[in-house]
Amino acid sequence: MTIFKTIMAELESAIAHIDSQVNIEKVTVEPPRDPSHGDLSTNAAMVLAKTLGMNPRELAGKLIEQLQGSENIESLEIAGPGFINMRLTGKAYFTDIKQCLKDGIEYGALNIGKGEKVNVEYVSVNPTGPMHAGHVRGAVIGDTLCNLLEKAGYDVAREYYFNDAGTQVDVLARTAHLRYREALGEDIGEIPEGLYPGDYLKEVGQAIVERDGEKWLNKEEAEWLVPIRTFAVDHMMTMIRQDLSLINIEHTVFTNERDIVENGTLEKAFNTLDDLGLIYTGTLPPPRGKEMTDWEPVPLTLFRSSHFGDDQDRPLKKRDGTWAYIMPDIGYHYDKIKRGFTLMINLLGKDHGGYEERIGPTVAAFSKEKAKLKVIYNGMVKVLKDGVAVKFSKRSGNIITLREMVEEVGADAIRFFMMGRTPDSELEFDYSKVQEASKDNPVFYVQYAHARCCSVLRHGTEMFSEKELTDDALAKVDLSLLGEAEKEMIRVLVNWPRIVEQAATAFEPHRIAFYVQEVASAFNGWWSKGRGDATLRFLIEDNKPLTLARLALVRATAITLASALDVMGVKAVEEMRSDALEEEENNAANG
RNA sequence: GCGCCCGUAGCUCAGCUGGAUAGAGUGUUUGACUACGAAUCAAAAGGUCAGGGGUUCGAAUCCCUUCGGGCGCACCA
């Protein structure tokens with residue numbers, strides 16, 4: 001039970017005392033933006049005033065009477081139009097801090113998801129080349145969202161949809177065959193227009209030689225296309241998975257488009273819609289806003305997606321009776337629903353706008369409106385160095401590969417920056433800024449704060465035995481010795497479960513990145529108070545109980561940071577050593 | 001033409017799903033190291049939340065509209 005829930009419960013009973021029937025849905029208990037308004041604030045009086053036939057300030061007065069008795073509340077006041085501001089006792093927060101120390105890395109875990117089956121589909125890059133800069137953002141946001149939803153108590157499947165049925169994989173096969181001929185000594189010259197130019201297919205050609213020798217030389221395409229395609233696709237998928245593992249992304253489910261297309265799922269999906277009476281033959285209006293020279297009205301097999309909010313019905317079959325191009329995606333979502341998911345989240349680039357509108361109606365139809373599809377679109381990423389666009393790498397065929405990015409700045413920086421803001425906007429990813437060891441680099445700033453916590457705790461062992469500093473031991477420490485200087489730190493830490501809840505319900509992992517900076521900032525501020533005033537330092541030689549209380553809070557800070565960074569997939573380092581620092585130490589040691 | 005997203009401090013961005021005097025960082029100005037890591041901290045200055053209208057106790061947030069930017073819009077894969 002967090003302090004927020006405790007106070008909310010007390011408020012609810014206070015309200016019930018006045019009127020037990022009233023709807024309290026809109027009542028909130030939150031820390032006010034301005035700390036001078038107190039620790040917590042509620043809008044209850046303003047929200048309920050009308051239905052209870054009182055003016056807000058009058059109602060607030062009555063609620064305050066009821067809340068007076070709370071042992072968690074130190075003082076109450078009515079403010080502005082009818083806010084009730086509460087100042088809490090120091091003690092009110094201790095349960096949360098102790099909980100943090102007990103929970104460790106699990107701190108902040110919730111059960112708001114109640115085990116609901118969620119499918120998050122992300123990356124889903126075509127298996128025709130390596131992961132590159134354009135793919136990374138959605139990959140990281142998706143993966144972090146998975147972590148977040150798991151933290152909030154959802155049952156999450158991390159899914160990769162594997163487009164191995166389109167024409168691109170045939171192009172891949174043709175390119176691989178060309179590389180294969182090259183590997184056997186043929187001079188293939190420049191890669192022709194329309195095939196994949198990257199060098200990464202050379203090793204595929206070589207690998208085919210090693211497995212099959214000259215078997216596919218001088219053969220008709222019809223003979224080699226399928227086996228080479230299978231081989232090349234497998235090879236690409238292995239490569240992509242290795243690339244993803246560089247930034248700690250590992251999917252749990254891989255679904256093949258080819259399976260969906262070939263195992264009858266499309267027919268089942270179509271028939272399901274037909275049985276629901278949602279299929280008819282009709283004619284679409286001409287496409288708007290485009291000059292159509294060859295358009296003519298044609299009766300088509302249509303799905304009544306307009307019943308589910310789409311602006312027009314969608315053709316599922318072409319005029320020749322074959323499936324329309326959206327049908328595999330529809331079949332795929334039919335499959336997801338059959339697997340029991342009630343929430344499907346899909347991470348796509350902004351250039352896929354309209355996907356939710358197109359596929360969402362079928363999800364609603366298949367599930368009788370019990371399942372939902374949510375698409376998160378992310379903007380483009382520009383990779384820069386010192387503010388200048390990074391040159392494309394020739395080696396990989398005019399793309400910046402994920403592998404190169406990891407080599408350049410490391411996985412932590414990539415993850416932090418790629419998920420660190422709302423997905424909507426365009427993102428400039430500047431190699432130089434991302435590596436900077438200073439405050440304007442949040443990755444560094446946060447990791448530094450965590451390392452500082454660890455440093456303090458290391459020093460703590462000079463005053464205490466290890467046994468006295470275990471999390472269990474610290475959880476039993478008398479926190480009432482903490483004072484005003486620590487209050488801000490405490491307030492920030494106990495907010496973590498709320499942040500998880502808010503971020504998870506909004507599907508917005510970037511909030512975690514902002515929170516983690518808030519924690520770091522509070523900690524660095526707290527730390528610095530000890531510089532001006534020695535009595536505010538963490539370690540006070542002649543006051544062990546106070547020191548223990550502070551160490552408990554330092555430890556709670558480290559735990560909270562670690563817990564949040566864990567969701568982000570960023571390492572919580574215990575020590576940071578820059579080259580400069582190391583050099584200094586080496587010089588000291590040598591001199 | 002229709003739909004979606006965006007417009008917040010000089011710059012880069014938050015803004016808790018409708019709350020109080022709109023916040024950080026950076027940049028500018030000014031202070032603080034005989035330290036448990038100054039790789040930091042504290043303070044000042046900086047705003048017509050693109051413009052206009054509406055909804056209500058209350059709007060950056062919701063609705064309408066104008067302007068400006070991005071993306072999508074066929075039986076295409």
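These numbers come from the heavy atoms of this one structure, side chains and all, not from hydrogens, waters or symmetry mates. Just so it is clear: chains get the letters A, B, ... in the order the sequence lines come, proteins before strands, and each one is counted from 1.
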Peer 1: Look through every strand shown and name the nucleotide pairing with G1(B) as Watson-Crick or G-U wobble, where both distances are under 3.5 Å.
Peer 2: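 The answer is C73(B), by the H-bond criterion.
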Peer 1: From the options A20(B), C75(B), U40(B), select the nucleotide whose nearest atom is closest to the side chain of R452(A).
Peer 2: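 Given the options A20(B), C75(B), U40(B), the side chain of R452(A) is closest to U40(B).
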Peer 1: How would you list, by chain and number, every residue that makes a salt bridge (Lys or Arg N to Asp or Glu O under 4.0 Å) with K62(A), sequence neighbours excluded?
Peer 2: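 Listed in chain order: nothing, the list is empty.
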Peer 1: Considering only side-chain heavy atoms of R421(A), which listed nucleotide, A39(B), C16(B), U12(B), is closest?
Peer 2: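 From the listed options, U12(B) comes nearest.
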Peer 1: Is the terminal nitrogen or CZ of R452(A) (NZ for Lys, CZ for Arg) located under 6.0 angstrom from the six-membered ring centre of F523(A) and within 45° of that ring's axis?
Peer 2: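 No - R452(A) does not lie over the ring of F523(A) by the 6.0 Å and 45° rule.
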Peer 1: Select base, sugar-phosphate, or nothing to describe what E428(A) touches, counting heavy atoms under 4.0 Å on all strands.
Peer 2: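 Nothing, no nucleic acid heavy atom in range.
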Peer 1: Applying the 5.5 Å / 30° rule, does Y445(A) stack onto the base of A39(B)?
Peer 2: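 It does not: the ring fails the test against the base of A39(B).
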Peer 1: With a 4.0 Å limit, can you tell me whether Y355(A) has a side-chain N or O closer than that to the phosphate oxygens OP1/OP2 of C5(B)?
Peer 2: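 Result: no.
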Peer 1: Just one of L561(A), L553(A), D96(A), I559(A) clears the side chain to side chain contact (heavy atoms under 4.5 Å, CB included) bar with L493(A), so which one?
Peer 2: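 The residue from L561(A), L553(A), D96(A), I559(A) that satisfies side chain to side chain contact (heavy atoms under 4.5 Å, CB included) with L493(A) turns out to be L553(A).
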Peer 1: For E426(A), answer base if it contacts any base atom (sugar-phosphate contacts may also be present), sugar-phosphate if it contacts only those atoms, and nothing otherwise; contact means non-hydrogen atoms under 4.0 Å.
Peer 2: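 Since only primed, P, OP1 and OP2 atoms lie under 4.0 Å of E426(A), the category is sugar-phosphate.
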Peer 1: Distance check needed: G37(B) C1' versus R458(A) CZ, whole Å only.
Peer 2: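 Rounding to the nearest Å, CZ of R458(A) and C1' of G37(B) are 9 Å apart.
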Peer 1: Taking only Lys NZ, Arg NE, NH1 and NH2, and the carboxylate oxygens of Asp or Glu, determine whether R491(A) and E488(A) approach each other closer than 4.0 Å.
Peer 2: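 A salt bridge is present here (some side-chain N lies under 4.0 Å from a carboxylate O).
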Peer 1: Identify, between G354(A) and H510(A), the residue whose nearest nucleotide on RNA chain B lies closer to the 5' end.
Peer 2: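 Closer to the 5' end of RNA chain B: H510(A).
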Peer 1: Given 3.5 Å as the limit, does a donor-acceptor pair link the side chain of R415(A) with the main chain of V570(A), or not?
Peer 2: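 Not at all, since once roles are kept as given, no pair shorter than 3.5 Å links the two residues.
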Peer 1: Check whether any side-chain N or O of S41(A) sits under 3.5 Å from a backbone N or O of P31(A) as a donor-acceptor pair, and report yes or no.
Peer 2: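 No, because the side chain of S41(A) does not come within donor-acceptor range (under 3.5 Å) of the backbone of P31(A).
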Peer 1: Whether the D424(A) and T422(A) side chains hold a donor-acceptor pair (N or O, under 3.5 Å, no angle test) is what I'd like checked.
Peer 2: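 Absent: no donor and acceptor within the cut-off.
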Peer 1: Would one find a side-chain N or O of H450(A) under 4.0 angstrom from OP1 or OP2 of G37(B)?
Peer 2: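 No, because none of the side-chain N or O atoms of H450(A) sits under 4.0 Å from OP1 or OP2 of G37(B).
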Peer 1: So, N163(A) side chain and P127(A) main chain: donor-acceptor pair closer than 3.5 Å or not?
Peer 2: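 Such a contact is absent between N163(A) side chain and P127(A) backbone.
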Peer 1: For RNA chain B, what residues of residues 522-537 of chain A have any heavy atom nearer than 4.0 Å?
Peer 2: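 Here the set is N524(A), G525(A), W527(A), S528(A), G530(A), R531(A), R537(A).
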Peer 1: Whom does G18(B) pair with, Watson-Crick or G-U wobble, provided both distances fall under 3.5 Å?
Peer 2: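 WC or wobble partner does not exist here.
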Peer 1: If you only use heavy atoms from C-beta on, which nucleotide in C75(B), G19(B), A20(B) is closest to the side chain of R319(A)?
Peer 2: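 Of the options given, the side chain of R319(A) lies nearest C75(B).
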Peer 1: Would you indicate, yes or no, if U21(B) has its OP1 or OP2 atom less than 4.0 angstrom from a side-chain nitrogen or oxygen of H37(A)?
Peer 2: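 The answer is no; no side-chain N or O of H37(A) sits under 4.0 Å from OP1 or OP2.
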Peer 1: Testing the 3.5 Å rule here: is there a donor-acceptor pair between the side chains of D313(A) and Y280(A)?
Peer 2: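 Yes, because at least one side-chain N or O of D313(A) sits under 3.5 Å from a partner of the opposite role on Y280(A).
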Peer 1: Which label fits F538(A) and W527(A): parallel for a plane angle under 30°, tilted from 30 to 60°, or perpendicular past 60°?
Peer 2: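 Answer is perpendicular, since the angle exceeds 60°.
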Peer 1: For Q502(A) and G18(B), give me the distance from atom CD to atom C1', rounded to whole Å.
Peer 2: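 Q502(A) atom CD is separated from G18(B) atom C1' by 15 Å.
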Peer 1: Please pick, from G37(B), G15(B), A74(B), the nucleotide with the shortest atom-to-atom distance to any side-chain atom of P315(A).
Peer 2: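 Nearest listed nucleotide: A74(B).
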Peer 1: Of the options G72(B), C5(B), G37(B), whose atoms approach the side-chain atoms of D351(A) most closely?
Peer 2: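 Ranking G72(B), C5(B), G37(B) by closest atom to the D351(A) side chain puts G72(B) first.
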Peer 1: Checking base pairs now: Watson-Crick or wobble, both atom distances under 3.5 Å. What partners G47(B)?
Peer 2: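 Matched G47(B) with nothing under the 3.5 Å cut-off.
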Peer 1: For F417(A) and U12(B), give me the distance from atom CZ to atom C1', rounded to whole Å.
Peer 2: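 The distance from CZ of F417(A) to C1' of U12(B) comes to 11 Å, rounded to the nearest Å.
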Peer 1: Partner lookup for A42(B), please. Criteria are Watson-Crick or G-U wobble with both distances under 3.5 angstrom; report none if nothing qualifies.
Peer 2: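 For A42(B), the partner nucleotide comes out as U30(B), under the 3.5 Å rule.
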Peer 1: Classify the ring geometry of F444(A) against Y448(A): parallel below 30°, tilted from 30° to 60°, perpendicular beyond 60°.
Peer 2: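 Ring orientation, 0 to 90° scale: parallel.
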Peer 1: For nucleotides 56-59 of chain B, print each protein N/O atom paired with a nucleotide N/O atom at under 3.5 Å, atom names and distance only.
Peer 2:
{"from": "C57(B)", "atom 1": "OP1", "to": "K50(A)", "atom 2": "NZ", "distance (Å)": "2.7"}

Peer 1: Ignoring the backbone of Y448(A), work out which of U17(B), G37(B), A14(B) is nearest its side chain.
Peer 2: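 It is G37(B).
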Peer 1: Nearest to the side chain of M576(A), heavy atoms from C-beta on, is which of G15(B), G37(B), C75(B)?
Peer 2: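 The nucleotide sitting nearest to the side chain is G37(B).
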Peer 1: CG of N378(A) versus P of C5(B): gap in Å, rounded?
Peer 2: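 The distance from CG of N378(A) to P of C5(B) comes to 16 Å, rounded to the nearest Å.
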Peer 1: Considering every strand and a 4.0 Å limit on heavy-atom distances, what is the contact class for F514(A): base, sugar-phosphate, or nothing?
Peer 2: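 F514(A): backbone/sugar contact only, no base atoms under 4.0 Å.
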Peer 1: Take the angle between the ring planes of W496(A) and Y515(A) and call it parallel below 30°, perpendicular above 60°, tilted in between.
Peer 2: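 W496(A) vs Y515(A) ring planes: parallel.
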Peer 1: In Watson-Crick or G-U wobble terms, both distances under 3.5 Å, what is the partner of G25(B)?
Peer 2: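 C11(B) - that is the nucleotide pairing with G25(B), both distances being under 3.5 Å.
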Peer 1: Could you check V456(A) against I84(A) and say which one's nearest nucleotide on RNA chain B is further toward the 5' end?
Peer 2: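 Comparing both residues, the 5'-ward one is I84(A).
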Peer 1: Is S455(A) near enough to G37(B) that one of its side-chain N or O atoms lies under 4.0 angstrom from OP1 or OP2?
Peer 2: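 Yes, S455(A) has a side-chain N/O under 4.0 Å of OP1/OP2 on G37(B).
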Peer 1: Quick one: classify the glycosidic conformation of U29(B) as syn or anti, with syn meaning within 90° of 0.
Peer 2: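 Here the answer is anti: the torsion falls beyond 90° from 0.
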Peer 1: What is the distance from CG of N441(A) to C1' of U12(B), rounded to the nearest Å?
Peer 2: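 Interatomic distance, CG of N441(A) to C1' of U12(B): 13 Å.
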Peer 1: Indicate, yes or no, whether a donor-acceptor pair under 3.5 Å links the base of A14(B) to the side chain of T422(A).
Peer 2: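 Not at all, since no donor on one side and acceptor on the other fall under 3.5 Å apart.
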Peer 1: Would the base of A20(B) count as contacting N85(A) through its side chain, where contact means a donor and an acceptor less than 3.5 Å apart?
Peer 2: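 It does, because a donor-acceptor pair links the side chain of N85(A) to the base of A20(B) below 3.5 Å.
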Peer 1: Over how many whole Å does the gap from R258(A) atom CZ to A77(B) atom C1' extend?
Peer 2: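 The distance from CZ of R258(A) to C1' of A77(B) comes to 13 Å, rounded to the nearest Å.
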